[in-house]
Every structure is written in structure tokens, then in C-alpha cells.
Undergrad: 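After the C-alpha cells below, expect a handful of questions from me.
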2 protein chains.
Amino acid sequence: MADGRSTTAQSGENLLFLTDEQLRQGIEAMFFAYRGFTADPDRILADMAYGRAHHRAVHFINRAPGTTVNNLLNILGVTKQSLNRVLRTLIEDGLVESKVGKLDKRERHLFLTEEGQALEQKLSDAQRARMRMAFRDAGPDAVAGFRQVLEAMMDREMRYAYTRLRDSGT
Amino acid sequence: MADGRSTTAQSGENLLFLTDEQLRQGIEAMFFAYRGFTADPDRILADMAYGRAHHRAVHFINRAPGTTVNNLLNILGVTKQSLNRVLRTLIEDGLVESKVGKLDKRERHLFLTEEGQALEQKLSDAQRARMRMAFRDAGPDAVAGFRQVLEAMMDREMRYAYTRLRDSGT
DNA sequence: TTGGAATGTCAACAACACTGACATATGCTG
DNA sequence: CAGCATATGTCAGTGTTGTTGACATTCCAA
């Protein structure tokens with residue numbers, strides 16, 4: 001793009017897309033895009049007593065209803081103390097329900113209440129709206145590339161968690 | 001991909017890539033990938049008394065030497081008080097130099113010292129290594145799509161800051 | 001010259017991550 | 001059953017990074 005030639009033309013032998021300058025641009029793109037990515041939910045949450053940590057918890061509980069605390073811990077990559085603070089407020093406020101496991105009574109299975117589902121909907125609607133616009137502007141081929149690069153950028157365990165979630169949907 | 005057909009074939013009329021399920025996968029990909037994106041510098045910084053905020057400041061000062069505090073403020077999207085704390089420690093530790101503006105003495109122009117440049121190098125080497133691997137694994141076409149989607153996801157002001165920086169490099 | 005705008009600094013506070021220590025209940029194994 | 005491991009929850013303390021509010025300095029224009 002900067003050099004005037006199509007990126008496709010330089011596949012194979014030519015590795016201009018791997019220059020430090022290109023990599024730096026990729027890094028800055030990630031930085032600025034992530035800000036946009038979180039901006040809309042953050043605005044909604046700012047009005048309530050919740051933050052980004054609550055959003056993440058609610059998102060993944062909605063995604064995998066009945067998930068255990070330990071499972072959520074691994075997905076979110078935080079300490080149990082940190083997650084517990086968030087879960088406690090969500091449970092107190094009636095957005096999340098915690099049920100003792102039937103097979104293993106040590107486990108707690110987490111579910112969203114109707115109110116919790118309403119919040120999740122509100123937050124993910126906002127976030128999806130931006131993602132939809134970006135996807136539509138960029139087109140299907142770009143979206144495929146986007147997903148490919150992101151997946152390659154994940155840590156191994158995170159890629160595993162991601163694909164497991166991905167393939168369980170639909 | 002999930003439906004077995006090439007994504008290219010569904011351009012135009014077919015908008016399967018905009019389903020809620022696809023958007024959700026994009027959202028989760030962003031979440032997990034950003035974790036990988038920051039993991040390496042975070043590990044390096046954990047050993048020192050610095051955090052992600054210091055990394056960001058050092059990155060953009062290196063990127064635009066002599067930039068003013070206000071300029072940096074707009075790029076980073078934080079309050080001046082928040083940035084100031086970070087800058088103060090960096091200046092005290094001799095990584096950043098702050099020079100009073102010649103034209104406007106209210107302004108402070110920021111530069112990395114040699115030591116500051118060394119840290120920046122160390123951090124960006126780590127981050128670029130991961131980005132390089134992801135880019136190489138995904139290939140040039142995917143990289144172009146990646147950048148296209150990220151750019152479309154930014155807020156308008158951030159896109160402006162991003163392209164301005166991008167086009168000033170090289 | 002005086003008041004407003006821009007810039008930068010100091011102080012206090014909130015959100016959210018961390019570590020460490022410990023309690024409780026349960027499951028598993030010898 | 002005894003003893004160890006596992007899953008969860010909690011308390012206390014700390015660090016980073018964001019916020020607001022108050023204030024000093026400097027510049028510019030009426």
C-alpha cells in the first residue's frame with residue numbers, strides 16, 4: 001500500500017510485509033483498534049457500578065452457561081481473588097446465579113439471570129454494532145485475514161480456549 | 001471456513017460473514033489476541049518498576065521524538081494527570097528527557113535518552129517478534145485484511161492519529 | 001495590563017489486577 | 001476411615017493506572 005504495489009503481488013519470495021516498519025504499523029493498529037473495540041461497552045458500564053471486568057465475566061458466562069469458576073478463571077486469565085470480587089457483586093446484584101454442582105459439590109456452576117442476560121445483550125449489541133461496521137467496510141476477505149492474524153498472535157493456551165469456544169458455537 | 005465454502009465466494013450478495021456468530025468470534029479473537037499482544041512486553045516490564053503505561057509512553061516518544069505532553073495525551077487517550085505520573089518516573093529514572101519549548105515555554109518536548117532507547121528497543125523487539133511470527137504464519141493477504149479491519153474498528157480521531165503516524169514513517 | 005486559554009504539576013481517590021494466608025467443603029485413594 | 005488433593009471463597013495488603021479537583025506558570029489578545 002505504502003509502496004504502491006498490491007500486497008498480493010509480493011507473496012512468496014518477497015517479504016516486504018515483514019519489515020520492522022510494517023510490524024510497527026501492525027502494533028499501533030492493534031493499540032488504537034483495541035481502544036475502539038472496548039469504547040462502546042465501557043461507555044455503557046461507566047453509568048453503572050460496573051467495569052470492563054464485569055463485562056468479560058458476563059460475556060463468557062453467557063457464552064458457556066453453567067461454566068465453573070475455575071473454567072472461567074482459565075479463560076479470563078486472572079486470579080480467583082480478582083474474579084471473585086467481580087462475581088460477588090454480580091451475584092449480589094442478581095445478574096449471575098451460582099449453583100452447587102450435582103456431580104461435584106465443590107464446583108459452582110454459573111448462569112446469567114434474566115437481568116444478567118439483558119445486560120449482556122445491551123453490551124454485546126454495542127460491541128457487535130462496531131464490529132459489524134468494521135467487517136462490512138473491510139469485506140469478507142479482509143475479515144478472514146483479520147481472524148487468521150489474530151489467531152496466530154494468541155498464546156497457545158489462549159488459541160486452544162478460543163477454538164474450543166468457536167467450534168462449540170453453531 | 002466453517003461452512004466449507006471459500007470466504008471469497010460469498011462476497012457481494014451473500015453476507016454470511018456478518019452473522020452474529022461471526023461477529024462474536026471476531027470479538028473473542030480480539031480479546032484473546034490482545035492478551036498475546038501485550039504478554040511479552042508485560043513480562044519484561046514486570047521485573048522493573050514499570051507497567052504497560054510506561055511502555056506506551058516510551059513507544060510513542062520514540063516514534064515522534066520532541067512531541068509535546070499534550071500531543072502524547074491525545075494519542076494515548078488518558079488524562080494529563082495520569083500521563084504525568086508515568087512521565088515523572090521515566091524522567092527521574094533518566095529514560096526520558098523533558099525540554100522546555102523554545103517558541104512556547106509552556107510546552108515540554110519529550111525525548112528518549114540512550115537508556116530510554118535501550119528499553120524501547122528491548123520492548124519492541126519482543127512485541128515485533130510475536131507480530132512477525134503471526135504475520136508470517138498468516139501471509140501477506142491476511143495481513144492486509146487484518147490491518148483493514150483494525151483500521152475500520154478505530155474511532156475517527158484514533159484513525160486520524162494512526163494514519164498520521166503511519167504516513168510519517170518511511 | 002488584565003483576563004482567559006493552554007500547559008503542566010501535585011494530591012486524593014477508585015477500579016482492578018496481584019500475592020499470601022487461611023477456611024471450608026468435597027473428592028479420591030490407600 | 002485417614003490423609004491428601006482439589007475447588008471455592010475470603011481477608012489483608014500492595015501496585016499500576018485510571019479518574020477529578022485544585023493550582024501554578026506561561027502565553028496571547030482585548
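By convention in this document, chain letters (A, B, ...) are assigned in the order of the sequence lines, proteins followed by strands, and residues within each chain are numbered from 1.
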Undergrad: Let me check something: any side-chain donor-acceptor pairs from residues 69-78 of chain B under 3.5 Å, sequence neighbours excluded? List them with distances.
TA:
unit_1: B/Asn71; atom_1: ND2; unit_2: B/Thr67; atom_2: OG1; d: 3.2
unit_1: B/Asn74; atom_1: ND2; unit_2: B/Asn70; atom_2: O; d: 3.3

Undergrad: At a heavy-atom distance below 4.0 Å, what parts of residues 33-52 of chain A sit against DNA chain C?
TA: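 Close to the strand are A/Gly51, A/Arg52.
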Undergrad: Please identify each residue that fulfils ring pair (Phe, Tyr, Trp, His ring centres under 6.0 Å) with A/Tyr34, with sequence neighbours left out.
TA: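 Listed in chain order: A/Phe37, B/Tyr34.
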Undergrad: Going by the rule ring pair (Phe, Tyr, Trp, His ring centres under 6.0 Å), which residues pair with A/Phe60 if we only count those two or more places apart in sequence or in a different chain?
TA: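 Listed in chain order: B/Phe31, B/Phe32.
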Undergrad: Among residues at least two apart in sequence or on other chains, which ones pass side chain to side chain contact (heavy atoms under 4.5 Å, CB included) with B/Val58?
TA: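 B/Val58 satisfies side chain to side chain contact (heavy atoms under 4.5 Å, CB included) with B/Leu90, B/Leu112, B/Glu120 once adjacent residues are dropped.
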Undergrad: Mark yes or no for whether B/Ser82, through its side chain, and B/Thr79, through its backbone, hold a donor-acceptor pair below 3.5 Å.
TA: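 Flag not set: sc B/Ser82 to bb B/Thr79 has no pair under 3.5 Å.
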Undergrad: Which ones in residues 93-110 of chain B lie close to DNA chain D, meaning a heavy atom under 4.0 Å from one of its atoms?
TA: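 Under 4.0 Å from DNA chain D: B/Asp104, B/Lys105, B/Arg106.
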Undergrad: Report yes or no: does B/Arg128 contribute a side-chain atom to a donor-acceptor pair with the main-chain N or O of A/Asp20 at less than 3.5 Å?
TA: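 Checking the backbone N and O of A/Asp20 against the side chain of B/Arg128, no donor-acceptor pair under 3.5 Å is found.
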Undergrad: Could you check which residues of residues 80-92 of chain A get a heavy atom under 4.0 Å from DNA chain C? Sort them by number, please.
TA: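 Residues of residues 80-92 of chain A under 4.0 Å from DNA chain C: A/Gln81, A/Ser82, A/Arg85.
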Undergrad: Please, which pairs that meet salt bridge (charged side-chain N to carboxylate O under 4.0 Å, His left out) have at least one residue in residues 88-103 of chain A, sequence neighbours excluded?
TA: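 Not a single pair qualifies under salt bridge (charged side-chain N to carboxylate O under 4.0 Å, His left out).
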Undergrad: List the steps, then state whether side chain to side chain contact (heavy atoms under 4.5 Å, CB included) holds for B/Thr68 with B/Arg108.
TA: CA-CA 5 Å; B/Thr68 62; B/Arg108 299 283 139 43; over 6 Å; no
Undergrad: Taking only Lys NZ, Arg NE, NH1 and NH2, and the carboxylate oxygens of Asp or Glu, determine whether B/Asp125 and B/Lys122 approach each other closer than 4.0 Å.
TA: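 Result for this pair is no, no salt bridge flagged.
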Undergrad: Among all residues two or more places apart in sequence or in another chain, which pass the ring pair (Phe, Tyr, Trp, His ring centres under 6.0 Å) test with A/Tyr50?
TA: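 Applying ring pair (Phe, Tyr, Trp, His ring centres under 6.0 Å) to A/Tyr50 gives A/His54.
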Undergrad: For B/Asp42, what residues pass the side-chain hydrogen bond (donor to acceptor under 3.5 Å, both in side chains) criterion, not counting sequence neighbours?
TA: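 By the side-chain hydrogen bond (donor to acceptor under 3.5 Å, both in side chains) rule, B/Asp42 matches B/Arg52.
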Undergrad: Starting at atom CG of B/Leu72, determine the distance to atom C1' of C/dT7, rounded to an integer number of angstrom.
TA: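 To the nearest whole Å, that distance equals 14 Å.
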Undergrad: Return the residues of residues 53-62 of chain B meeting this criterion: a heavy atom under 4.0 Å from some atom of DNA chain D. Order them by number, or give none.
TA: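 Correct list: B/Ala53, B/His54, B/Arg56.
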Undergrad: Quick check on D/dG18: is either OP1 or OP2 less than 4.0 Å from any side-chain nitrogen or oxygen of B/Thr79?
TA: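 Answer no for this pair, as no side-chain N or O of B/Thr79 is under 4.0 Å from OP1 or OP2.
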Undergrad: If we ignore hydrogens and angles and just use 3.5 Å, is the side chain of A/Thr113 paired with the main-chain N or O of A/Gly94 as donor and acceptor?
TA: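 Yes, the answer is positive, given that a donor and an acceptor are paired below the 3.5 Å cut-off.
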Undergrad: Enumerate the residue pairs fulfilling salt bridge (charged side-chain N to carboxylate O under 4.0 Å, His left out) with a member in residues 148-163 of chain B, sequence neighbours excluded, ordered by first and then second residue.
TA: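 Counting only pairs at least two positions apart or across chains, the salt bridge (charged side-chain N to carboxylate O under 4.0 Å, His left out) contacts touching residues 148-163 of chain B are A/Arg130-B/Asp155, B/Glu151-B/Arg166.
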